[in-house]
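First the structure, in the form of structure tokens, and then the observations on it.
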Amino acid sequence: MISAQLDEIRSRMRAALERAGRAPDSATLIAVAKTHPAEAVVEALAAGQRVFGENRVQEAMAKYPALRATHPDLDLHLIGPLQTNKVKEAVATFDAIHTVDRPKLAAALAAEIARSAKRPRLFVQVNTGAEPQKAGVLPDQADAFIDECRTTHKLAIDGLMCIPPVADVPAPHFALLGQIAKRNGIAMLSMGMSEDFETALALGATHVRVGSAIFGARPPVA
Ligand SMILES: *Cc1c(COP(=O)(O)O)cnc(C)c1O
């Protein structure tokens with residue numbers, strides 16, 4: 001079932017990229033396995049999937065070390081909020097971090113990257129809808145924050161990430177993220193989930209984060 005859903009998402013991605021005049025390999029599918037057991041990841045690995053997303057450092061540390069031993073090419077992305085006291089574990093566990101959004105976190109990442117000599121790809125999260133409860137740098141502060149990451153903390157910023165407000169049409173948020181990336185010379189765009197990844201691909205997404213459409217519904221958060 002996971003393998004059939006993966007096939008379906010991959011073929012919808014190919015079609016969306018083709019409609020947009022983009023190369024078939026110009027976007028990466030991140031299979032978001034949060035809350036699902038390691039067995040679900042094993043099934044996806046058997047179906048050829050190698051790129052996975054998780055929301056929580058602790059959950060990833062429990063699930064992936066054994067899988068990495070058998071699949072050294074596994075590529076693990078942190079897509080949930082990161083506390084500074086978890087930076088050490090996050091840098092050790094993840095190949096990419098999508099949620100860089102404040103100076104204190106940038107400083108902690110820079111220190112840990114220097115200390116460990118392990119450098120995950122970094123994405124700055126932008127709160128495109130300026131939602132008070134949501135993580136991410138505000139759109140009008142994004143340029144200054146990216147500059148601070150680069151200049152003050154000497155961090156290479158590989159991409160931008162956004163999660164549009166659930167009640168909004170997503171396209172304007174994806175377009176805004178693309179504009180911020182372009183004017184800052186940033187190549188990667190992490191945007192689009194199960195409901196809207198085709199729209200995101202039409203607007204330049206290089207990484208789509210798809211969970212429920214691959215692994216099924218998640219249990220409600222307690
Ligand atoms: C859970 C999650 C996803 C995947 O959402 P689906 O709607 O299940 O595809 C993508 N991005 C982030 C940041 C998430 O937390």
Side-chain angles (χ1 to χ4, degrees), residues 1-13 16 27-38 40-41 43-44 47 49-60 63-64 75-83 86 90 93-102 105 120-131 133-137 142 158-171 173-174 176-178 181 188-222:
M1 144 147 172
I2 287 173
S3 124
Q5 313 268 49
L6 272 169
D7 281 348
E8 154 98 20
I9 299 296
R10 288 185 190 128
S11 85
R12 285 171 59 189
M13 283 181 68
T28 299
L29 173 60
I30 303 175
V32 178
K34 65 186 184 202
T35 77
H36 294 282
V41 178
E43 246 185 276
Q49 180 66 25
R50 289 296 179 271
V51 188
F52 293 90
E54 289 287 343
N55 264 46
R56 291 163 170 276
V57 178
Q58 231 56 39
E59 183 177 342
K63 249 150 89 169
Y64 289 87
D75 190 40
L76 188 57
H77 294 234
L78 177 64
I79 61 169
L82 177 56
Q83 288 163 355
K86 296 260 174 62
T93 305
F94 291 94
D95 304 292
I97 295 173
H98 289 230
T99 48
V100 183
D101 67 349
R102 55 199 192 279
L105 178 58
R121 282 154 280 154
L122 299 178
F123 292 67
V124 166
Q125 182 176 356
V126 182
N127 184 0
T128 55
E131 295 173 279
Q133 82 288 4
K134 199 167 269 176
V137 62
D158 303 286
L160 299 182
M161 178 270 227
C162 76
I163 311 169
V166 275
D168 279 15
V169 173
H173 295 274
F174 298 153
L176 173 61
L177 198 70
M188 294 179 181
L189 286 173
S190 164
M191 56 190 199
M193 323 203 312
S194 291
E195 297 299 323
D196 54 17
F197 68 89
E198 285 147 318
T199 306
L201 290 169
L203 290 162
T206 61
H207 294 73
V208 294
R209 312 178 306 265
V210 179
S212 45
I214 296 170
F215 295 107
R218 287 179 291 273
V221 191

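Position 1 is the first residue of the sequence, and the numbers go up from there. As a basis for the values below, the full set of heavy atoms in this structure was taken, side chains included, without hydrogen atoms, waters or symmetry mates. Counting starts at 1 for both ligands and their atoms, in listed order. All values derive from a computational prediction rather than experimental measurement.
Side-chain contact check for Q49 versus I214: every heavy-atom pair is 4.5 Å or farther apart. Between L203 and L177, every side-chain heavy-atom pair lies at or beyond the 4.5 Å cut-off. With a 4.5 Å cut-off on side-chain heavy atoms, T199 and H173 do not count as touching.
Between the side chain of T99 and the backbone N or O of G80 there is at least one donor-acceptor pair closer than 3.5 Å.
The salt bridge (Lys or Arg N to Asp or Glu O under 4.0 Å) contacts involving residues 199-218 comprise nothing, where partners must be two or more places apart or lie in separate chains.
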Close N/O pairs between ligand 1 and protein, under 3.5 Å:
unit_1: ligand 1; atom_1: 8 (O); unit_2: S212; atom_2: N; d: 2.8
unit_1: ligand 1; atom_1: 8 (O); unit_2: S212; atom_2: OG; d: 2.9
unit_1: ligand 1; atom_1: 8 (O); unit_2: R218; atom_2: NH1; d: 2.8
unit_1: ligand 1; atom_1: 8 (O); unit_2: R218; atom_2: NH2; d: 3.2
unit_1: ligand 1; atom_1: 9 (O); unit_2: S194; atom_2: N; d: 3.0
unit_1: ligand 1; atom_1: 9 (O); unit_2: S194; atom_2: OG; d: 2.5
unit_1: ligand 1; atom_1: 9 (O); unit_2: G211; atom_2: N; d: 2.8
unit_1: ligand 1; atom_1: 11 (N); unit_2: R209; atom_2: NE; d: 2.8
unit_1: ligand 1; atom_1: 15 (O); unit_2: K34; atom_2: NZ; d: 2.7
unit_1: ligand 1; atom_1: 15 (O); unit_2: N55; atom_2: OD1; d: 3.2
unit_1: ligand 1; atom_1: 15 (O); unit_2: N55; atom_2: ND2; d: 3.4

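Between H77 and H207, the angle of the ring planes lies from 30° to 60°, which puts this pair in the tilted group.
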